[in-house]
Amino acid sequence: MSAPVRIGILFGGPSAEHEVSCASALGVVRALAAGGHRVVAIGVTRTGGFRLVPEGVLAELRDGVAEGRAIDDRLTVTGPVVELRAGHRAGTALVTATNAPGAVHAKLDVVFPVLHGPFGEDGVVQGLLESLGVPYVGCGILASAVGMDKVAMKRALRAEGVPITPHVSFDAQTYRATDDPEKLVVGLRRPLFVKPARMGSSIGISRVADGDDLAAAVEEALRHDTVVVVEQGVTGRELECGVLGGTRPDASAVGEVRVTGGWFDYRQKYFGDADPMVVPAPLPDDVTERIRELSVRAFAAIGGWGLARVDFLYDEAAGDLYVNELNTMPGFTAHSMYPKVWAAAGVGYREIVDRLVALALARHAERPGVTQAGGPR
Ligand SMILES: Nc1ncnc2c1ncn2[C@@H]1O[C@H](COP(=O)(O)OP(=O)(O)O)[C@@H](O)[C@H]1O
Ligand SMILES: [Mg+2]
């Protein structure tokens, strides 16, 4: 175990994955507290405000009294409104009362943004934490932003020779200027997957089969972003692999998501009846190894640090594997794929969070120009 530190957990957030984040945070809080760390929980409201979770509520969460939804309700209504500031000692941050910077609620050595989707996983929060000079868990600004942007992600993967599906991308203006949307997707075979470039949770995504309306699918994607990606669909299995580490990261076991009805849409992700995860995925050893190797390469391609879950599409009949996407802050509940694929590799939940905290501190310490005390600001 790494030496005990004061860790601020950011959770909730304005994205559609607010609830998942709350559930993820519960697991992280418990694991860190069990590991002897001092945990300060900061709820991010749906409008992006920060609320300190009161000590009493946190104790209940730690001890297993409150579950899931309860954290969310309490964080948005009860805790004091706070903000994060740079600490007096470099490499630390302060949780202070808003408009009263002298009123310090807590001091933090590390921040763990357990936030999914836009704002928390796309470099925005990472930028805030960089500006404070405090170490934080997970990917930095660039890797987070690249991981969130499906166009940039595909460019990075392709540049490193990681297989991706045939696709095109265009912006709203280009789309509006064309007389026939089919002209934009020439060369791609149906079914197509039409996606907003920067979203998540399958929001704004449509599957367009023969006879389906491509224009309607593009309009739907454009409701969520100004850039749209259209991919050729892969008929096959969905496989996922965890990556954990820094410059020499490890890959976990491989898990499978057994999707019904063609693809993994929002409803199935969050309201599906049956648990769709099979871990480890039944696969020939050579396919498992190829997935693990490609996961590490994909992680390196975006400049990842800390963790990511790499998602694959596998056309079994053709023997073709494609990296569909990387999630730089994957779901982190006890029932989520990321902890499951690591458990299957012999790495428990507590060990994952402990390693992540150590990696956050290591990245901060190794940065050129940063001294033992935290360095210049
Ligand atoms: N090219 C594709 N071929 C087949 N299925 C796809 C393809 N792209 C996406 N899907 C389906 O849509 C789901 C969501 O797409 P994904 O790119 O992972 O978006 P998100 O970032 O919202 O999770 C996938 O889990 C998969 O079921
Ligand atoms: Mg996905």
Side-chain angles (χ1 to χ4, degrees), residues 13-18 46-48 115-128 139-234 262-267 269 298 301-303 311 313 322-329:
S15 86
E17 291 159 283
H18 184 97
R46 289 174 195 278
T47 50
L115 294 162
H116 309 306
F119 180 79
E121 197 178 346
D122 63 355
V124 171
V125 153
Q126 288 74 16
L128 167 70
C139 287
I141 298 175
L142 182 63
S144 299
V146 172
M148 179 60 59
D149 185 315
K150 289 178 164 56
V151 178
M153 176 167 55
K154 285 175 192 296
R155 284 186 187 139
L157 294 175
R158 185 162 50 200
E160 294 302 322
V162 176
I164 54 172
T165 54
H167 70 283
V168 296
S169 62
F170 47 83
D171 60 19
Q173 260 188 323
T174 307
Y175 175 69
R176 303 271 174 242
T178 182
D179 54 343
D180 178 6
E182 294 295 339
K183 286 183 184 163
L184 297 172
V185 301
V186 171
L188 298 182
R189 283 195 307 275
R190 277 171 153 89
L192 304 173
F193 280 81
V194 181
K195 313 177 178 182
R198 292 157 296 190
M199 246 293 146
S201 301
S202 298
I203 292 166
I205 298 183
S206 308
R207 180 178 185 273
V208 177
D210 284 330
D212 288 345
D213 187 354
L214 174 63
V218 174
E219 294 291 352
E220 170 60 19
L222 284 173
R223 287 180 51 220
H224 302 278
D225 202 339
T226 53
V227 176
V228 173
V229 180
V230 181
E231 286 177 36
Q232 185 165 302
V234 175
W263 67 289
F264 205 25
D265 60 7
Y266 182 81
R267 194 191 46 75
K269 272 184 187 173
I302 67 162
D311 296 352
L313 297 163
Y322 303 94
V323 170
N324 179 41
E325 64 160 342
L326 291 101
N327 293 281
T328 53
M329 190 53 74

Check your understanding: Distance from Thr328 atom OG1 to His116 atom NE2, nearest 0.5 Å?
Key -> 10.5 Å
Check your understanding: Got Asn324 and Thr165 here, is their nearest side-chain heavy-atom distance under 4.5 Å?
Key -> no
Exercise for review: Hey, could you give me the CG/OG1 distance between Leu184 and Thr174, rounded to the nearest 0.5 Å?
Suggested key: 7.5 Å
Study note, to complete from the structure: Contacts of Ser201 meeting side-chain contact (heavy atoms from CB on, under 4.5 Å) (sequence neighbours excluded), chain-then-number -> Glu17, Ile203, Tyr266, Tyr270
Check your understanding: Side chains of Val229 and Pro196: closer than 4.5 Å at any heavy-atom pair?
Key -> no
Practice item. Just grab all the ring pair (Phe, Tyr, Trp, His ring centres under 6.0 Å) pairs involving residues 198-223, residues at least two apart or on different chains. Key: none
Review point. Between atom CG of Leu214 and atom CZ of Arg190, what is the distance when rounded to the nearest 0.5 Å?
Key: 5.5 Å
Review point. Would you find a donor on one side and an acceptor on the other, under 3.5 Å apart, between the side chain of Ser202 and the backbone of Phe264?
Key: yes
Exercise for review: May I ask you to decide if Met329's main-chain N or O and Glu121's side chain share a donor-acceptor pair within less than 3.5 Å?
Suggested key: yes
Review point. Rounded to the nearest 0.5 Å, how far apart are OG1 of Thr226 and CZ of Arg198?
Key: 5.0 Å
Revision key, fill the gap. Residues passing the salt bridge (charged side-chain N to carboxylate O under 4.0 Å, His left out) test with Arg189, sequence neighbours excluded, are none
Practice item. Sorted by first residue and then second, give each ring pair (Phe, Tyr, Trp, His ring centres under 6.0 Å) pair with at least one member in residues 170-224; sequence neighbours left out. Key: Phe193-Trp263
Check your understanding: Can you list every salt bridge (Lys or Arg N to Asp or Glu O under 4.0 Å) pair that touches residues 200-219, not counting sequence neighbours?
Key -> Arg176-Glu219
Study note, to complete from the structure: Heavy-atom nearest pair, Gly123 first then Ser144, reads N-CB, 3.4 Å
Check your understanding: Checking side chain to side chain contact (heavy atoms under 4.5 Å, CB included) for the pair Val228/Leu222: CA distance, chi angles, key distance, verdict?
Key -> CA-CA 7 Å; Val228 173; Leu222 284 173; 3.5 Å; yes
Review point. Could you give the distance from CG (Leu313) to CD (Glu325), rounded to the nearest 0.5 Å?
Key: 9.5 Å
Revision key, fill the gap. Contacts of Ala152 meeting side-chain contact (heavy atoms from CB on, under 4.5 Å) (sequence neighbours excluded), chain-then-number -> Val146, Asp149
Exercise for review: Applying salt bridge (charged side-chain N to carboxylate O under 4.0 Å, His left out), name anything that partners Asp265, two or more places apart in sequence or on another chain.
Suggested key: none
Check your understanding: Would a distance-only check, ignoring hydrogens and angles, find a side-chain to backbone donor-acceptor pair under 3.5 Å from His167 to Val230?
Key -> no
Check your understanding: Just how far is it from atom CG of Asp122 to atom CE of Met199, taken to the nearest 0.5 Å?
Key -> 10.0 Å
**Study point:** Partners meeting salt bridge (charged side-chain N to carboxylate O under 4.0 Å, His left out) with Asp179 (sequence neighbours left out)
**Key:** Lys183
Practice item. Taking all heavy atoms of Pro181 and all of Ala215, pick out the closest pair and write down the distance. Key: CG-CB, 4.2 Å
Point to revise | side-chain hydrogen bond (donor to acceptor under 3.5 Å, both in side chains) against Arg223, all qualifying residues, sequence neighbours excluded | key: Glu220
Study note, to complete from the structure: When every non-hydrogen atom of Val194 is compared with those of Ala217, the smallest separation belongs to CG1-O, 3.7 Å
**Study point:** Residue pairs passing the salt bridge (Lys or Arg N to Asp or Glu O under 4.0 Å) test where at least one lies in residues 152-174, sequence neighbours excluded
**Key:** Lys154-Glu231
